[in-house]
Amino acid sequence: MKRTLFAMAGAALLAAPALAGEPIDVVGGSGDRVQATIYHGDLNLQSNAGNSALKSRIDKAANAMCNSPGFKPVKTWASEKACFSTAQADGYAQADSLFATPRGSVIVQSMTITAR
């Protein structure tokens with residue numbers, strides 16, 4: 001019974017961004033790595049506005065992946081900050097690559113960032 005409740009709570013937590021209309025899906029990765037898939041098929045990635053919107057989604061995904069709410073010890077805070085920076089750098093590098101892609105090229109509609 002407890003196992004089922006924990007599984008349901010975990011599933012609800014992972015689905016929460018999608019239910020809120022956010023184009024972000026945070027999932028567990030291999031080992032202690034966490035991954036987030038960010039949908040961007042609705043953005044014009046060759047425009048400054050589209051690139052900014054994608055980077056905003058990257059920031060939200062990195063925050064959801066790495067940061068826990070409330071007060072925390074300095075060691076935990078530093079670990080979460082490092083996780084956020086890693087995920088953000090991964091996402092921004094992919095966003096910049098998509099921004100530089102020549103017009104008319106086929107671009108995938110989502111990206112996956114990894115942290116921890």
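Everything numeric in this text was worked out from a predicted model, so none of it was measured.
- The environment of NZ in Lys72 is crowded: more than 12 heavy-atom neighbours from other residues, nucleotides or ligands sit within 6.0 Å.
- Separating the CG atom in Leu45 from the CD atom in Gln109 is a distance of 9.5 Å, to the nearest 0.5 Å.
- Leu54 has its side chain out of reach of Phe99: every pair of non-hydrogen atoms, C-beta onward, lies at least 4.5 Å apart.
- Closest non-hydrogen pair, Met65 versus Val34, comes out as CE-O, 3.2 Å.
- Distance check: Ile38 CD1 to Leu43 CG gives 10.5 Å after rounding to the nearest 0.5 Å.
- With rounding to the nearest 0.5 angstrom, the CD atom of Gln88 is 10.0 Å from the SG atom of Cys66.
- Contact of the Ile58 side chain with the His40 side chain is not registered, since no non-hydrogen atoms from C-beta on lie closer than 4.5 Å.
- When atom types are taken as modelled, the side chain of Asp90 and the backbone of Thr114 share a donor-acceptor pair closer than 3.5 angstrom.
- Once rounded to the nearest 0.5 Å, the distance linking CG of Leu98 with CD of Gln46 reads 8.5 Å.
- Not counting sequence neighbours, Asp59 has no partner by the salt bridge (Lys or Arg N to Asp or Glu O under 4.0 Å) test.
- You'll find the side chain of Gln35 stays beyond 4.5 Å of the side chain of Ile113, heavy atoms only.
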Could you walk me through whether Thr86 and Lys81 pass side-chain contact (heavy atoms from CB on, under 4.5 Å), step by step? CA-CA 9 Å; Thr86 300; Lys81 184 170 174 57; over 6 Å; no

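- A distance of 12.0 Å separates CD of Glu80 from OG of Ser85, quoted to the nearest 0.5 Å.
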